[in-house]
There are 2 protein chains.
Amino acid sequence: MALEHAILVSLLEQPGSGYELARRFERSIGRFWTATHQQIYRVLKRMETDGWITADQVAGGRPDKRSYSVVGPGRDVLADWLRAPVQPEAVRHELAVKIRGAAFADAAGRTALVAEVERYRASHHEILAGYLTGEARDFPDPPGEDDRHRLQHVVLRGGIAYERMVLAWLDDVLDTLRGLGR
Amino acid sequence: MALEHAILVSLLEQPGSGYELARRFERSIGRFWTATHQQIYRVLKRMETDGWITADQVAGGRPDKRSYSVVGPGRDVLADWLRAPVQPEAVRHELAVKIRGAAFADAAGRTALVAEVERYRASHHEILAGYLTGEARDFPDPPGEDDRHRLQHVVLRGGIAYERMVLAWLDDVLDTLRGLGR
DNA sequence: AACGCCATGTAAGCAGTTACATGATTCA
DNA sequence: TGAATCATGTAACTGCTTACATGGCGTT
């Protein structure tokens with residue numbers, strides 16, 4: 001129920017087309033909110049109808065790009081949402097279910113799970129490396145004075161802290177899986 | 001797409017009724033997979049039709065409780081799923097969106113957000129305290145030899161590590177929010 | 001008598017995923 | 001010539017949430 005709000009924030013940071021939003025949702029915003037282009041186009045249409053955003057036709061690109069910007073009512077909606085309580089997160093941690101499920105797997109199944117956890121660990125290692133590269137590029141040491149910049153940085157630090165925690169925990173998981181049955 | 005699997009694991013750990021499952025999804029399993037009773041009943045029915053589980057009628061309770069157990073095909077489904085790659089998590093971190101949105105809020109809106117983050121932090125502090133109490137109760141220091149026990153413990157340690165990380169990050173967030181505009 | 005817990009469901013609707021579809025531009 | 005990228009959608013479906021409904025038992 002907050003894709004609209006994620007879009008509002010993204011469009012305030014930088015107006016853009018549905019396609020551009022979809023690409024941002026694959027990169028920066030996608031770190032904490034995922035969405036496909038189909039969904040984005042549908043929601044953009046509704047937001048435009050409701051008067052939260054307006055579209056400027058941009059000729060030049062071929063199918064005539066529509067660049068969206070947030071207007072008054074959209075800003076109000078965002079302000080109201082910012083004041084509302086944060087909804088408790090709906091947790092969906094598939095790997096945790098699998099680990100508890102390993103108790104009912106045979107030796108071959110457990111070996112396969114160890115390999116899978118290693119692969120999963122490698123992918124998180126890559127994500128962390130990507131974050132650290134981005135941090136070095138976008139947030140050089142003397143902390144900037146720009147509010148927006150500082151807020152983006154603290155969100156990125158959250159992603160970094162999360163990935164480090166996951167990696168440490170996965171090591172714990174691998175030790176545990178390998179030590180099963182004595 | 002893995003509620004079925006979470007239910008299979010839970011029923012293997014301990015057979016039970018839809019109602020009991022719903023309560024477990026509020027407590028232990030709910031730490032990493034949420035589900036309401038409506039959804040659970042629907043999925044249980046389908047799983048029974050597909051022959052993954054069977055129900056034993058238990059008289060005594062009033063509306064005649066149906067206690068479910070996993071049978072052969074259900075075990076096979078779980079074993080196959082354990083071998084399949086872990087799906088990348090679909091991230092939904094509302095607070096991160098709000099923090100980036102704070103760049104577009106006025107002073108009053110930011111003050112409200114600080115208060116909300118403090119409330120959110122307190123709720124995570126409670127969750128951590130609950131985990132630590134549960135750990136002391138269910139996993140006393142000499143590590144047990146039971147595989148199932150050790151796997152449940154490593155999952156709980158993951159929850160504990162997550163909550164500690166969140167608390168540290170929220171302190172970082174609060175420092176950042178309070179330090180905005182110099 | 002009222003409240004909370006045990007126990008099981010139906011119905012409606014919305015959010016999100018997957019598959020399919022189109023067409024122009026740019027680069028190898 | 002073909003592949004990748006830009007750009008925008010429709011259609012069908014699945015999963016999940018929210019609201020509503022029923023009824024007995026035990027406790028205060």
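Below, all heavy atoms of this structure are taken into account, side chains as well, without hydrogens, waters or symmetry copies. Order of the sequence lines sets the chain letters (A, B, ...), proteins ahead of strands, with each chain counted from 1.
Considering only side-chain atoms of A:K65, the nucleotide from D:dT17, D:dG9, D:dT8 that sits closest is D:dT8.
When rounded to the nearest whole Å, the span between CZ of A:F25 and P of C:dA15 equals 15 Å. At whole-Å resolution of the value, OH in A:Y68 and P in D:dA7 are 13 Å apart. When rounded to the nearest whole Å, the span between CD of B:Q38 and P of D:dC20 equals 12 Å. Following rounding to the nearest Å, B:E4 (CD) and D:dT14 (C1') show an atom-to-atom distance of 11 Å. Taking atom CG on B:L3 and atom C1' on D:dT14, their separation rounds to 13 Å, with Å as the unit. Look at CD on B:E26: it is 11 Å from P on C:dC5, rounded to the nearest Å. We find that CG of A:L21 is positioned 13 Å from C1' of D:dA7, with the value rounded to whole Å.
Place A:H37 and B:R92 on DNA chain C by their nearest nucleotides, and B:R92 ends up nearer the 5' end. Between A:E20 and B:A35, the residue anchored nearer the 5' end of DNA chain D, judged by the nucleotide with its closest heavy atom, is A:E20. Along DNA chain C, the nucleotide nearest to A:T36 and the one nearest to B:R66 differ in position, and the one closer to the 5' end is contacted by B:R66.
Every residue two or more places apart in sequence or in another chain was checked for a side chain to side chain donor-acceptor pair (under 3.5 Å) with B:S17, and none qualifies. Applying the side chain to side chain donor-acceptor pair (under 3.5 Å) criterion to A:E48, with sequence neighbours excluded, gives A:R66. Not counting sequence neighbours, the partners of B:T176 by the side chain to side chain donor-acceptor pair (under 3.5 Å) test are A:R157. Listed by chain and residue number, B:E4 satisfy the side chain to side chain donor-acceptor pair (under 3.5 Å) test with B:R46 (two or more places apart in sequence, or in another chain).
Nearest approach of B:W169 to A:V155, heavy atoms of both residues: CZ2-CA, 4.3 Å. What you find for A:Y68 and A:L11 is that their closest heavy atoms are O-CD2, 3.6 Å. Of all non-hydrogen atoms in B:L8 and B:V70, the two that sit nearest each other are O-CG2, 3.7 Å.
Using a 4.0 Å heavy-atom criterion, one finds that A:T34 contacts no nucleic acid atom at all.
The side chain of B:R23 contributes no N or O atom lying less than 4.0 Å from OP1 or OP2 of C:dC5. Proximity of B:Y19 to the phosphate of C:dT8: no side-chain N or O atom is located under 4.0 Å from OP1 or OP2. In this structure, B:S17 reaches the C:dT8 phosphate: one of its side-chain N or O atoms is under 4.0 Å from OP1 or OP2.
End-to-end axis angle for the helix from C:dA1-D:dT28 to C:dA28-D:dT1, using five pairs per end and rounding to 10°, comes out at 30°.
For the segment residues 39-53 of chain A, the set of residues with a heavy atom within less than 4.0 Å of an atom of DNA chain D comprises A:Y41, A:K45, in numerical order.
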Side chains of residues 132-139 of chain B: which donor-acceptor pairs under 3.5 Å do they make with residues two or more places apart or in other chains?
{"unit_1": "B:T133", "atom_1": "OG1", "unit_2": "B:A129", "atom_2": "O", "d": "2.8"}
{"unit_1": "B:E135", "atom_1": "OE2", "unit_2": "B:H153", "atom_2": "NE2", "d": "2.8"}

Can you give the donor-acceptor pairs under 3.5 Å from side chains of residues 89-102 of chain A to other protein atoms, not counting sequence neighbours?
{"unit_1": "A:E89", "atom_1": "OE2", "unit_2": "B:Y120", "atom_2": "OH", "d": "3.2"}
{"unit_1": "A:R92", "atom_1": "NH2", "unit_2": "B:T34", "atom_2": "O", "d": "2.7"}
{"unit_1": "A:R92", "atom_1": "NH2", "unit_2": "B:T34", "atom_2": "OG1", "d": "2.9"}
{"unit_1": "A:E94", "atom_1": "OE1", "unit_2": "B:Q87", "atom_2": "N", "d": "2.9"}
{"unit_1": "A:E94", "atom_1": "OE2", "unit_2": "B:W81", "atom_2": "NE1", "d": "3.3"}
{"unit_1": "A:K98", "atom_1": "NZ", "unit_2": "B:W81", "atom_2": "O", "d": "2.9"}
{"unit_1": "A:K98", "atom_1": "NZ", "unit_2": "B:A84", "atom_2": "O", "d": "2.6"}
{"unit_1": "A:R100", "atom_1": "NE", "unit_2": "B:E13", "atom_2": "OE2", "d": "3.0"}
{"unit_1": "A:R100", "atom_1": "NH2", "unit_2": "B:E13", "atom_2": "OE1", "d": "2.8"}

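Sorted by first and then second residue, the ring-ring contact (aromatic ring centres under 6.0 Å, His included) pairs involving residues 95-119 of chain B (not counting sequence neighbours) form an empty list.
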